[in-house]
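Have a look at the structure below, then the notes.
Chain identifiers are assigned alphabetically (A, B, ...) following the order of the sequence lines, protein sequences preceding nucleic acid strands; residue numbering begins at 1 within each chain.
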Protein chains: 2
Amino acid sequence: MTSSSAENDTTAWSRAAVPGRPPADVPRQAWRAYFEATALLQDRLERTLRSGAELHLADYNLLLLLTEAPGGHLRMGELASLMVFSPSRVTYQVKTLEKRGLVERRACPEDGRGQEAVITDAGRRLFRRASALHARQVQELFLDRVDEAEAETLLRVFSRLGCALEDDEQPPAG
Amino acid sequence: MTSSSAENDTTAWSRAAVPGRPPADVPRQAWRAYFEATALLQDRLERTLRSGAELHLADYNLLLLLTEAPGGHLRMGELASLMVFSPSRVTYQVKTLEKRGLVERRACPEDGRGQEAVITDAGRRLFRRASALHARQVQELFLDRVDEAEAETLLRVFSRLGCALEDDEQPPAG
DNA sequence: TACAGTTGATTCAAATTTCAACAACACACC
DNA sequence: GGTGTGTTGTTGAAATTTGAATCAACTGTA
């Protein structure tokens, strides 16, 4: 793409698997490939949702979480931790969705400090539309390109990583 | 973590493999796990670099690219495409690094329109420090938790995905 | 040379994100 | 009941990101 000199195999961001070369460090190459492909993938998903449904990927995920939550509502803090967002970012994001009528806010019954975000009917409708679009793209860009055995490995690895990351977040539990 | 009620298995973003429930769609679960773990991971890496080296993950990657580039310099456009950033974002980012003396800019010799970003000695020094920090964390959070066979699968899958994503970017080549 | 069409990068305004206070409430304890 | 302490969310200012112009330099063509 950029230069044609052969020594560029060293260039870490190069996507291609390095052909004629000692196996090098497979895990590190894997990390790199993972990191790069992820950036491309998220960029793609983001653009599609924006042009096709006027939603950021984050908006989509927020609506997804609310859709799946029993009662269609979640506390701000739950949203924050599920989305790995700062509290103020969630506040802002919910506000913008509220302006568009896709979400409502209400005080939390059990806790006077709390706020809940509730998905509206309009929100559900838009989510349904966006969901079709998004799911199709995930299928094309990801699922169609991964076989069953690979998917099992991915599931195993990333579940493990996810759990570990959550756990060593609050190790001083007891 | 948040609630204790059992019905929360439905919550899609829940990291854990859903225990008492039909195997569901492994590939789709894999996608979800991948997506979630990635968010957690990036958040962690970002925080560490920021507190430990006053660098955003994006700053780090930019310096990494320049470090690896022959001559320590890259065109703005190359940076943009490698980092999957918009042109204006690259402009801004390079400017901030320039203010800190980590990078310099200069006109591109071959093309009067072009600009190059060049890493400075200070940039290399800071990168070296940050790199140690970052590499250690990648090791702990990712590499240590993936075995050799899994790494091979990850490398294969994400290389494939990355190539595919790059390719169907410019399909109208000929 | 002059012209139209491209490309590479920057600018500006608007949207988003962060971070550091801040307010309101819950809880424990006296 | 009152008092500290920790939680839950919001606010406001500054930093960052986006997207639509804009500018300048290259290209090809006559």
| query | Is the distance from OP1 or OP2 of dT16(C) to the nearest side-chain N or O of Lys95(A) less than 4.0 Å? | reply | no
| request: Please report, rounded to the nearest Å, how far the C1' atom of dA9(C) is from the CZ atom of Arg106(B). | output: 17 Å
| Length of the CD-P vector between Gln42(B) and dT17(C), whole Å | 14 Å
| Given that Cys108(B) and Thr96(A) both sit by DNA chain C, which one's nearest nucleotide is further toward the 5' end? | Cys108(B)
| message | In this structure, how many angstroms lie between the C1' atom of dA9(C) and the CD atom of Glu78(B), rounded? | response | 14 Å
| For atom CD of Gln115(A) and atom P of dT11(D), their distance in whole Å | 10 Å
| Tyr92(A) side chain near dT17(C) phosphate (N/O to OP1/OP2, under 4.0 Å) | no
| task | Classify the side chain of Ser88(B) versus the base of dG19(D) as yes if they form a donor-acceptor pair under 3.5 Å and no if they do not. | result | yes
| request: Measure from CD on Glu46(A) to P on dT16(C) and round the result to the nearest Å. | output: 11 Å
| field | Under 4.0 angstrom between Arg89(B) side-chain N/O and dT18(D) OP1 or OP2 | value | yes
| message | A quick test of your reading: do over 12 heavy atoms of other residues, nucleotides or ligands sit less than 6.0 Å from CD of Glu104(A)? | response | no
| said: With a 4.0 Å cutoff (strictly under), does any side-chain N or O of Arg105(B) reach OP1 or OP2 of dA9(C)? | reply: no
| query | Quick one: are Val103(B) and Leu62(B) in side-chain contact, heavy atoms under 4.5 Å? | reply | no
| When you match Thr91(A) and Arg113(A) each to their closest nucleotide on DNA chain D, which lands nearer the 5' end? | Arg113(A)
| task | Using heavy atoms to find the nearest nucleotide of DNA chain D for Asp111(A) and Gln93(B) separately, return the residue whose nucleotide is more 5′. | result | Asp111(A)
| Euclidean distance, atom CG of residue Leu74(B) to atom P of dG8(C) [Å, nearest integer] | 15 Å
| When hydrophobic residues are tied together by side-chain contacts of less than 4.5 Å, even through go-betweens, does Val84(B) share a cluster with Val94(B)? | yes
| message | Taking Leu82(A) as the starting point, is it possible to reach Val118(A) by hopping between hydrophobic residues whose side chains are less than 4.5 Å apart? | response | no
| query | Would you say Leu63(B) and Tyr92(B) are hydrophobically clustered, going by side-chain heavy atoms of ILVMFWY under 4.5 Å? | reply | no
| task | To the nearest Å, give me how far apart CZ (Arg50(A)) and C1' (dA20(D)) are. | result | 14 Å
| request: Provide, to the nearest angstrom, the distance between the CE atom belonging to Met76(A) and the C1' atom belonging to dA24(C). | output: 15 Å
